[in-house]
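Just so it is clear, the values below take in all heavy atoms, side chains as well, and ignore hydrogens, waters and symmetry mates. Every chain is numbered from 1, with letters handed out A, B, ... down the list of sequences.
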Amino acid sequence: MRDVADFAPLLLHWFSSHARALPWRRDYDPYAVWVSEIMAQQTQMDRVVDYFNRFMARFPDIGALAAAPEDAVLKAWEGLGYYSRARNLLAAARIVQAEHGGRFPADFDAIRALPGIGDYTAGAVASIAFGADTVAVDANVLRVLARVCDIDAPVKEPAGKARVLAVARSLLPPGRARDYNQALMELGALVCRPKNPDCQACPVADVCQARHLGIVADRPVLTKTRDITPLLVATGVLFQAGRIFIQKRLPAGAWGNLWEFPGGRIEDGEMPDAAIVREFAEETAFATEVAAKLAVIRHGYTTFRVTLHCFLLRLPGHAEAAPLPAPVLTAAQESRWVLPGELSGFAFPAGHRKLIDQLANSLWIL
DNA sequence: GACACGTGGCC
DNA sequence: TGGCCAAGTGT
């Protein structure tokens, strides 16, 4: 068992040859590092890279992002989830443009003050983009250091997290925070994984207390998770005169400012087709009828498991040549009647995007 | 402190 | 399959 003083040198040496070739690691441009860190919140790196490359091509610098309409930013974010990240990213870009002359601030407190940036992200950008000696403790670091230092308190709770933070600071090699922070996270992602950690390949196994004690599986101490609630939801694609009705969700709450097909929860004992007619009337004041069932889509969430019953709807008695009616919106801020080919230009929640993908095969029914 | 906030991959 | 989890933040 080696002394913990060897931890950082061993870690940095490992990182020098095992770091993944992530695109923002080429020159550590602050804008790129910032975007990558926001995208990486609660999201695995492998899923980030494609979104990152498309985002940087679409919004190459802070000025381009600050000038972009929010709909375009949400479209670039479509499918990534946690859409407040995209809204805050745009809001922060506009603040940087207005208050920092378009240059991303280097100071930790100035970074931390931007919307969408908390303690972790401020530390990550300050160190990775600017070389500041700040820690960046994410779920990987919590896990790695809980094992290395045998932290016996739940690391997702304040007391345990504070202990990890203190250890992370004490082990930080001055001047090397950029690589130290990334190396900790890289080790957690590639070697010191939640399940099946590869201790044989671990560069700091000789320093790891949990490994030494044979209790790697007991570290970190986990917090109890919440139950997952099953949820039945109905949604309707109203297709009339060759156009489809969509609405833009309210700014706050889930999928804020994204577009959707109207719908809502199926009440206890209610049939899905009755639910969609009721929900559609409540949200738009349209009196619709079900023309066909399109799909049943299952979609997982952190705390819900949704079964989405999807219907094709019509306005009974509506003459094809007559103008399309205007809704009375109660659950949305705006609506459109769009051509099927135009759906690709709007940002939809993933469940509705899945439905759209199937729609192309279904509209011939008419 | 607790909860809302998405999504897909893994076993 | 279904539960767990991820480069967290805002309220």
Side-chain angles (χ1 to χ4, degrees), chain A residues 19-20 22 24-25 32-52 74 77-89 91-92 111-129 134-144 154-161 168 178 180-190 192-197 220 222-231 249 251-258 260 297-308 347-354:
Chain A
R20 287 172 289 186
L22 300 171
W24 51 90
R25 285 178 175 165
V33 170
W34 170 45
V35 171
S36 75
E37 287 298 338
I38 300 299
M39 285 188 172
Q41 290 170 2
Q42 295 289 284
T43 307
Q44 304 192 77
M45 273 306 175
D46 290 343
R47 240 174 85 63
V48 165
V49 174
D50 285 347
Y51 278 94
F52 174 85
L74 288 172
W77 211 268
E78 185 185 43
L80 253 191
Y82 286 134
Y83 298 95
S84 64
R85 293 183 295 171
R87 298 191 299 268
N88 282 331
L89 190 69
I111 298 171
R112 178 68 177 79
L114 294 170
I117 296 187
D119 289 335
Y120 161 76
T121 304
V125 177
S127 61
I128 297 171
T134 56
V135 295
V137 176
D138 74 331
N140 287 302
V141 180
L142 290 174
R143 182 174 60 255
V144 169
V155 294
K156 302 268 178 152
E157 294 175 18
K161 187 168 185 176
R178 165 185 287 171
Y180 170 77
N181 285 332
Q182 293 188 90
L184 273 171
M185 294 188 274
E186 201 86 336
L187 187 72
L190 301 180
C192 194
R193 298 173 297 235
K195 291 179 181 174
N196 306 320
L222 299 178
T223 312
K224 46 200 166 295
T225 61
R226 280 180 304 175
D227 293 337
I228 294 177
T229 308
L231 199 60
R249 294 176 61 88
W255 304 289
N257 289 346
L258 270 72
E260 67 170 6
I297 293 171
R298 284 178 173 72
H299 197 67
Y301 295 75
T302 303
T303 51
F304 295 107
R305 177 179 309 285
V306 173
T307 303
L308 187 63
F348 283 84
H352 287 206
R353 179 54 63 188
K354 287 182 190 173

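- Contacts of A:Leu22 with the nucleic acid, taken as non-hydrogen atoms under 4.0 Å apart, include base atoms.
- Residue contacts for A:Ala254: at a heavy-atom cut-off of 4.0 Å it reaches the sugar-phosphate backbone alone, with no base atom in range.
- Atom CZ in A:Arg298 sits roughly 18 Å away from atom P in B:dG9 (whole-Å rounding).
- A:Tyr83 places its OH atom 19 Å from the P atom of C:dG10, with the value rounded to the nearest Å.
- A ring-centre distance under 6.0 Å is found for A:Phe52 and A:Trp24.
- Within 4.0 Å of A:Glu186, counting heavy atoms only, lies at least one base atom of the nucleic acid.
- Phosphate contact (OP1/OP2 of C:dA7, side-chain N/O of A:Trp34, threshold under 4.0 Å): absent.
- Judged by atom type and distance alone, A:Thr43 reaches the base of B:dG6 through a side-chain donor-acceptor pair under 3.5 Å.
- With no hydrogens or angles considered, a side-chain donor-acceptor pair links A:Asn140 and A:Arg143 at under 3.5 Å.
- Between A:Tyr83 and A:Glu78, the side chains place no donor N or O within less than 3.5 Å of an acceptor N or O (distance only, hydrogens not considered).
- Residue-level contact check: A:Arg25 touches the bases, meaning some heavy atom is under 4.0 Å from a base atom.
- Heavy-atom distances to DNA chain B give each of A:Arg47 and A:Thr303 a nearest nucleotide, and the one nearer the 5′ end belongs to A:Thr303.
- Using a 4.0 Å heavy-atom cutoff across all strands shown, A:Arg143 reaches sugar-phosphate atoms only and no base atom.
- If you find the closest nucleotide of DNA chain C to A:Met45 and to A:Pro115, the one lying nearer the 5' end belongs to A:Met45.
- Only the P atoms considered, C:dC4 is 16 Å distant from B:dC3, to the nearest whole Å.
- The side chain of A:Arg85 sits closest to B:dG6 out of B:dC11, C:dA6, B:dG6.
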Report the C-alpha separation of A:Ile38 and A:Val35 in whole Å, then their side-chain angles, then the decisive distance to 0.1 Å, and conclude whether the side-chain contact (heavy atoms from CB on, under 4.5 Å) test is met. CA-CA 5 Å; A:Ile38 300 299; A:Val35 171; 6.0 Å; no
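- Nearest nucleotide to the A:Gln41 side chain, out of C:dT9, B:dG6, C:dA7: C:dT9.
- An OP1 or OP2 oxygen of C:dC4 is reached within less than 4.0 angstrom by no side-chain nitrogen or oxygen of A:Arg226.
- The phosphate of C:dT9 has OP1 or OP2 within less than 4.0 Å of a side-chain N or O from A:Thr121.
- The residues A:Asp46 and A:Arg20 are annotated as salt-bridged, a charged nitrogen and a carboxylate oxygen being separated by less than 4.0 angstrom.
- Look at the P atom in both C:dT9 and B:dG8: the space between them is 22 Å, to the nearest Å.
- Using a 4.0 Å cut-off between a side-chain N of Lys or Arg and a carboxylate O of Asp or Glu, A:Glu186 and A:Arg25 qualify as a salt bridge.
- For B:dC11 and C:dA7, the C1' atoms lie 23 Å apart once the distance is rounded to whole Å.
- Considering only side-chain atoms of A:Tyr82, the nucleotide from B:dC5, C:dA6, B:dG8 that sits closest is B:dC5.
- Looking at heavy atoms from C-beta onward, A:Leu258 lies in side-chain contact with A:Leu74 at the 4.5 angstrom threshold.
- The separation between A:Glu37 atom CD and C:dA7 atom P is 11 Å, rounded to whole Å.
- Within the nucleic acid shown, A:Ile38 has no heavy atom closer than 4.0 Å to any nucleic acid atom.
- Two residues, A:Ile128 and A:Thr225, neighbour DNA chain C, and the one matched to the more 5' nucleotide by heavy-atom proximity is A:Thr225.
- When the side-chain nitrogen and oxygen atoms of A:His299 are compared with OP1 and OP2 of B:dT7, one or more of them lie within a distance under 4.0 Å.
- B:dC5 atom P lies 13 Å from atom CG of A:Leu258, rounded to whole Å.
- Contact annotation for A:Lys156: backbone-only contact, meaning every heavy-atom pair under 4.0 Å involves sugar-phosphate atoms and none involves a base.
- A:Gly253 comes within contact range of the sugar-phosphate backbone alone, with a heavy-atom separation under 4.0 Å but no base atom that close.
- Between A:His352 and A:Leu308, the closest side-chain pair of non-hydrogen atoms falls below 4.5 Å.
- If you take NZ of A:Lys354 and P of B:dG6, they are 15 Å apart, rounded to a whole angstrom.
- Residue A:Leu142 contributes atom CG, which lies 13 Å from atom P of C:dC5 at whole-angstrom precision.
- Within the 4.0 Å cut-off from OP1 or OP2 of C:dG8, at least one side-chain nitrogen or oxygen of A:Gln42 is found.
- The separation between A:Asp119 atom CG and C:dT9 atom P is 7 Å, rounded to whole Å.
- As judged by a 4.0 angstrom heavy-atom cut-off over every strand, A:Gly79 is placed among residues touching the sugar-phosphate backbone only.
- The distance from atom CG of A:Leu74 to atom P of B:dG6 is 11 Å, rounded to the nearest whole Å.
- The side chain of A:Arg305 sits closest to C:dG3 out of B:dC11, B:dC5, C:dG3.
- Within 4.0 Å (heavy atoms only), A:Asp46 reaches no atom of the nucleic acid at all.
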